Amino acid sequence: MNEINDKNINQWVEKFLNGETSNAEERELYRYFSQPEIPAEAEPYREMFAWYASLLPAQAEMPAKAQEEPEEAEPGKVRILRLRPWQWVSVAATIALLFTLGFIFRPTGASLSDEYMAYQGSYIIRDGKKITDLSIVVPEILRAEQMLNDRVNEVDRSFDEMNEAMINSVSSELDMSNPAIREAVETALEY
């Protein structure tokens, strides 16, 4: 893969997108895509490579030592771009802006979800104090509901067990082979 031409351009583009090209190879790609005539399958990449080529003057201003790079970049290795001091200031300003916007637009206790608003007016008494803060009240209500549901399920299971035991007891005492007796017992036990 030494020379870029119309036959191997797809391989070069793939190598570039995988980050496996050196600076010299990338400059060759930029030159290739600046030609007036390129294959139709390479045409969608023309604008991308033109944009990258527009960044070249910024690289030319870098010290010669910073531009040095091995001819072949190692596959899978991440290259970190060197930023100038004024670029670091813009990065820091962007981060500060994002944090500021995050704090301004973060949800507060005053903007509770609709689920919580359904409990508006509810309160709990804890240590003799009335608590109306829904962020405290709603989880307590939900916990109490869960405890009640667990208890109701226990009672239902015990009723089912008692019903089963009663049916077994009655069926062992009576002649259930007689259809009239079986129907009378089943009707009496349905409630």
Side-chain angles (χ1 to χ4, degrees), residues 14 16-21 44-45 47-49 51-52 54-55 58-59 61-62 66 73-191:
E14 184 177 337
F16 175 84
L17 293 175
N18 289 333
E20 299 170 353
T21 52
Y45 297 106
E47 286 184 38
M48 177 182 74
F49 281 102
W51 182 80
Y52 282 119
S54 72
L55 300 177
Q59 286 183 339
E61 294 173 354
M62 289 174 39
E74 295 178 32
K77 205 166 196 186
V78 176
R79 292 189 306 185
I80 299 175
L81 298 175
R82 290 181 176 83
L83 298 178
R84 294 187 180 99
W86 65 268
Q87 291 172 320
W88 281 110
V89 170
S90 66
V91 168
T94 303
I95 291 171
L97 176 67
L98 290 174
F99 274 112
T100 303
L101 290 175
F103 282 114
I104 290 172
F105 294 111
R106 73 182 162 101
T108 61
S111 61
L112 295 173
S113 69
D114 291 338
E115 175 188 339
Y116 277 38
M117 295 322 256
Y119 293 99
Q120 194 161 12
S122 299
Y123 63 91
I124 59 172
I125 306 280
R126 186 180 287 160
D127 298 328
K129 294 180 183 176
K130 182 178 180 179
I131 300 173
T132 59
D133 183 4
L134 292 181
S135 63
I136 297 171
V137 172
V138 172
E140 287 294 319
I141 291 173
L142 296 176
R143 187 178 62 80
E145 285 178 354
Q146 184 60 46
M147 287 174 50
L148 180 63
N149 286 339
D150 292 345
R151 186 67 181 136
V152 166
N153 288 339
E154 282 180 36
V155 170
D156 283 346
R157 278 193 299 275
S158 60
F159 273 128
D160 290 342
E161 290 171 5
M162 285 179 13
N163 192 25
E164 185 76 25
M166 188 151 121
I167 289 172
N168 289 339
S169 173
V170 169
S171 60
S172 67
E173 296 293 323
L174 298 173
D175 181 22
M176 295 299 280
S177 61
N178 185 339
I181 294 175
R182 183 174 351 139
E183 184 180 339
V185 169
E186 288 174 357
T187 304
L189 292 176
E190 288 179 10
Y191 49 89

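Bear in mind the structure is a predicted one, so any value in this text is a computation, not a measurement. Below, each value reflects all heavy atoms present in this structure, side chains not excepted, and no hydrogens, waters or symmetry copies.
- To the nearest 0.5 Å, atom OG1 of residue Thr21 and atom CD of residue Glu14 are 12.0 Å apart.
- Of all the heavy atoms in Arg151 and Glu154, the pair that sits closest is NH1-OE1, 3.0 Å.
- Counting heavy-atom neighbours within 6.0 Å of Phe16 CZ, excluding the residue itself, gives a total above 12.
- The nearest pair of heavy atoms linking Val137 to Ile131 is CG2-O, 3.3 Å.
- Annotation for Ser158 and Val155: closest pair OG-O, 2.8 Å, computed over non-hydrogen atoms.
- Electrostatic pairing of Arg143 and Glu140 counts as a salt bridge here, judged by a charged N lying under 4.0 Å from a carboxylate O.
- Counting heavy atoms of neighbouring residues, nucleotides and ligands inside a 6.0 Å radius, atom CD of Glu47 does not exceed 12 of them.
- Within 6.0 Å of CD on Glu183 lie no more than 12 heavy atoms contributed by other residues, nucleotides or ligands.
- Distance CG/Asn149 to CG/Leu142: 10.5 Å, rounded to 0.5 Å.
- Annotation: the span from Ile95 atom CD1 to Ser90 atom OG amounts to 9.5 Å, rounded to 0.5 Å.
- Other residues, nucleotides and ligands place more than 12 heavy atoms under 6.0 Å from the CZ atom of Phe49.
- No donor-acceptor distance shorter than 3.5 angstrom exists from the side chain of Asp127 to the backbone of Lys129, with no hydrogens or angles considered.
- Side-chain contact check for Asp150 and Gln146: at least one donor-acceptor pair (N or O, by modelled atom type) lies under 3.5 Å.
- Interatomic distance, CZ of Phe99 versus CD1 of Ile104, reported as 13.5 Å (0.5 Å rounding).
- Between Leu134 and Gln120, the closest heavy-atom pair is CD1-CA, 4.1 Å.
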